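One structure is given here, and the rest of the page talks about it.
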2 protein chains.
Amino acid sequence: MSATIYDVADEAKVSMATVSRVVNGNPNVKPATRKKVLNAIEKLDYRPNAVARGLASKKTTTVGVIIPDISSIFFSELARGIEDIATMYKYNIILCNSDKNKNKEIHLLNTLMEKQVDGILFMGGEITEEHVEHMRSSSIPIVLAATYHEDAEFPSVNIDYAQAAFDAVDYLAKKGHARIGMVTGTLEDPVNGYQKFKGYKQALAENNVPFDESLISVCDYTYDSAIESVQDFVTLENKPTAIFSATDEMALGVIHGLQDRGLRIPDDVEVVGFDNTRLATMVRPTLTTVVQPMYDIGAVSMRLLTKFMDNEMIEEQNVVLPHQIEYRNTTTHQEIVKE
Amino acid sequence: MSATIYDVADEAKVSMATVSRVVNGNPNVKPATRKKVLNAIEKLDYRPNAVARGLASKKTTTVGVIIPDISSIFFSELARGIEDIATMYKYNIILCNSDKNKNKEIHLLNTLMEKQVDGILFMGGEITEEHVEHMRSSSIPIVLAATYHEDAEFPSVNIDYAQAAFDAVDYLAKKGHARIGMVTGTLEDPVNGYQKFKGYKQALAENNVPFDESLISVCDYTYDSAIESVQDFVTLENKPTAIFSATDEMALGVIHGLQDRGLRIPDDVEVVGFDNTRLATMVRPTLTTVVQPMYDIGAVSMRLLTKFMDNEMIEEQNVVLPHQIEYRNTTTHQEIVKE
DNA sequence: CTGAAAGCGCTAACAG
DNA sequence: CTGTTAGCGCTTTCAG
């Protein structure tokens, strides 16, 4: 077994309390004593046991992160923002994939609480009453990242999804498009479905463009599903001349589905994506898309969580980050972006 | 504070040992007693404290994962394989980004050991003598995933990188290409540099194609750096007619760099990538690439780690997974792949 | 500035 | 089948 604080105390001929003090940087130790202890630590290759420390101090310096799918290009970017800030504040991260599955989410919430994490960062789909119950059942701070909750009961970091979608569709409508298609995730998804769809409809309304249900294609967030959706659009009597996609990955599917059928982008159809993942510049033509600052959402939400964990003052617990549209080459009439 | 095992014992009028037994599914408890305890647990909303359990049992059921960059499409896929299997075996994961930085890697190794993780999964660049020292300094099992170590001292899961690169380049050479370019990461990188480069050179040699240094472009793994590398190729007196890229992302850069200059793929230049990330089917033309089973490498390495942690028998501690080439449309003379 | 002592909440013998 | 009793390794008063 490896050395304990007792072994070090013996070796240095001091009490364990003193060893604890030097390990924790407590200034109330005479330099000479500190040195003796440091030598003993070195000699025994002593490493403090964080589990014992956690039990005694009730802090684990670990936070739980519940994320739908770390292999998604969107969430992995978010996760990086989270981890970077966590590291900066000396926290480690327990990462859990939920697939936006309610039972898994609740199970993970409980597991993380059992592990005594100091806080939880939650990314998910819908927040149900049951979620809320479990989240309340412990006093540890929880912040929602890129996850919408009606009641704003929990701290959160988001962009204004409805407004962002509105901006994208409004831009298309103002260019004269009267047939604007939308590729979306399930409408039950508060963010990628409902909020963005709401923005879409409102933009149509404000531009006096009639809403047409046949222009809406509900996909499952994958590239392939979006490719297939093109089939529906293309067989329409009255085809769309522009398409707004709820995510970049689906936008790529739309672009390639269109191109595979000989349509030209942006000449025949203009396309606008959402998120500005790295994918957006890795297609030809490069994708015009709504910028959602993924890394920042992760970073800011983790920072917010540290404030709760360290009992700092919180100015605003529901942060809304700015969004914007990045104009690239799947839309026309803009200065051509060079790659 | 939340309820402890004592509170439950009092409530159920049994001893804490009995509570511990029912919580841990020990069969030596009379059904009636079990029921009493379960009721008390329910009533008090008791949740076992995993930290205390970890201290007493010396098992934390969490494993540390050191990964270069979770936001990379390659590593995030690996991470998903790791997490899925970890979940299956009831382990949680502490995820840490290292950026392949030696000091960070060593620091993380120590932090994870302090946190008493039951095992560590390590993905990185070069394994130096210093790494080895720190890894040995504790008796917890460590397995390397997608990370090459000469001495095979530590258990590992990989594919045969040199052979895989050989296969790709051999295929190109056998098609008659005499000018085959290579886009690579730094040659110091054992996997993405050295091993793949070695395979490349050997394939040239065996096909009597002379090696030409001007055909090698050292990039930094990014899409943009690969786009730039095209400039070097294109200004060559004797341009390459095929390019082998050490990663898919760089292959996309090559493809687009070439296309942006009016070259046609695969007619003017054939391109072969490496990894078969999701990117490979998200380009036009779709990318011919070496399949590295990322998810499986993650899953298998985690499974291997569980065997060490649970003291199961290990047949082979250095696993080499099979690779293959997925023929798509950046190369010719193959059955055309439909999307 | 340093030491003694009481837990933190749980597991794991060991009795009975 | 159930209870008692030591710890696990560290933090944290409280004295001195």
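So you know, we letter chains A, B, ... as the sequences are listed, proteins then strands, and number each from 1. On a predicted model such as this, the values are computed, not experimentally measured, just so you know.
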Between [N] atom [atom2] and [X] atom [atom1], what is the distance in whole Å?
X: B:Lys115; N: D:dC8; atom1: NZ; atom2: P; answer: 23 Å
X: B:Lys59; N: C:dC10; atom1: NZ; atom2: C1'; answer: 16 Å
X: A:Asp7; N: D:dG9; atom1: CG; atom2: C1'; answer: 10 Å
X: B:Lys13; N: D:dT2; atom1: NZ; atom2: P; answer: 16 Å
X: A:Asn26; N: D:dC10; atom1: CG; atom2: C1'; answer: 15 Å
X: A:Lys36; N: C:dT2; atom1: NZ; atom2: C1'; answer: 10 Å
X: B:Lys30; N: D:dG3; atom1: NZ; atom2: C1'; answer: 14 Å

**Asked** Phosphate oxygens OP1/OP2 of D:dG9: is one of them under 4.0 Å from a side-chain N or O of B:Lys58?
**Response** yes
**Asked** Within less than 4.0 Å of OP1 or OP2 of C:dT2, is there a side-chain N or O belonging to A:Ser15?
**Response** no
**Prompt:** Does a donor on one side chain sit under 3.5 Å from an acceptor on the other, for A:Tyr295 and A:Asp84?
**Reply:** yes
**Item:** Pair B:Ser138, A:Arg47: side-chain N/O donor-acceptor within cut-off below 3.5 Å
**Value:** no
**Asked** What orientation do A:His149 and A:Phe154 show, parallel under 30°, tilted 30 to 60°, or perpendicular over 60°?
**Response** tilted
**Message:** Within the supplied structure, the quantity of interest is the number of heavy atoms (other residues, nucleotides, ligands) at a distance under 6.0 Å from B:Glu42 CD; does it exceed 12?
**Reply:** no
**Asked** Quick check: does any side chain N or O of A:Ser20 sit under 3.5 Å from a backbone N or O of A:Met16, one acting as donor and the other as acceptor?
**Response** no
Would you tabulate the pairs of protein nitrogen or oxygen atoms and nucleotide nitrogen or oxygen atoms of nucleotides 11-14 of chain D closer than 3.5 angstrom?
{"unit_1": "D:dT11", "atom_1": "OP1", "unit_2": "A:Asn24", "atom_2": "OD1", "d": "3.4"}
{"unit_1": "D:dT11", "atom_1": "OP1", "unit_2": "A:Asn24", "atom_2": "ND2", "d": "3.2"}
{"unit_1": "D:dT11", "atom_1": "OP1", "unit_2": "A:Arg53", "atom_2": "NE", "d": "2.7"}
{"unit_1": "D:dT11", "atom_1": "OP1", "unit_2": "A:Arg53", "atom_2": "NH2", "d": "3.4"}
{"unit_1": "D:dT11", "atom_1": "OP2", "unit_2": "A:Ser20", "atom_2": "OG", "d": "2.8"}
{"unit_1": "D:dT11", "atom_1": "OP2", "unit_2": "A:Asn24", "atom_2": "ND2", "d": "3.4"}

**Prompt:** Taking B:Tyr221 as the fixed residue, which of B:Asp189, B:Asp69, B:Thr186 is the one that meets the side-chain hydrogen bond (donor to acceptor under 3.5 Å, both in side chains) rule?
**Reply:** B:Asp189
**Prompt:** Which is it for A:Glu130 and A:Thr128 under the side chain to side chain donor-acceptor pair (under 3.5 Å) test, yes or no, and what are the steps along the way?
**Reply:** CA-CA 5 Å; A:Glu130 199 175 340; A:Thr128 67; 5.0 Å; no
**Prompt:** So which nucleotide from D:dC10, C:dG9, C:dT2 ends up closest to the side chain of B:Asn49?
**Reply:** C:dG9
**Prompt:** Contact class for B:Asn28 vs. all strands (heavy atom < 4.0 Å): base, sugar-phosphate, or nothing?
**Reply:** base
**Prompt:** Checking all strands, does B:Val51 fall into the base, sugar-phosphate, or nothing category for heavy-atom contacts under 4.0 angstrom?
**Reply:** nothing
**Message:** Go through it in stages, so that I can follow the logic: the residues are A:Glu83 and B:Ile70, the test is side-chain contact (heavy atoms from CB on, under 4.5 Å), and I'd like the CA-CA distance, side-chain angles, deciding distance and then a yes or no.
**Reply:** CA-CA 9 Å; A:Glu83 216 268 334; B:Ile70 192 60; 5.7 Å; no
**Message:** A:Thr62 vs A:Asn92, test: side chain to side chain donor-acceptor pair (under 3.5 Å). Steps then yes/no.
**Reply:** CA-CA 5 Å; A:Thr62 301; A:Asn92 286 110; 5.3 Å; no
**Message:** Using five pairs at each end of the helix from C:dC1-D:dG16 to C:dG16-D:dC1 to define an axis, what is the angle between those two axes, to 10°?
**Reply:** 30°
**Fill in**
On DNA chain C, more 5' by nearest nucleotide between A:Pro31 and B:Ala50 is A:Pro31
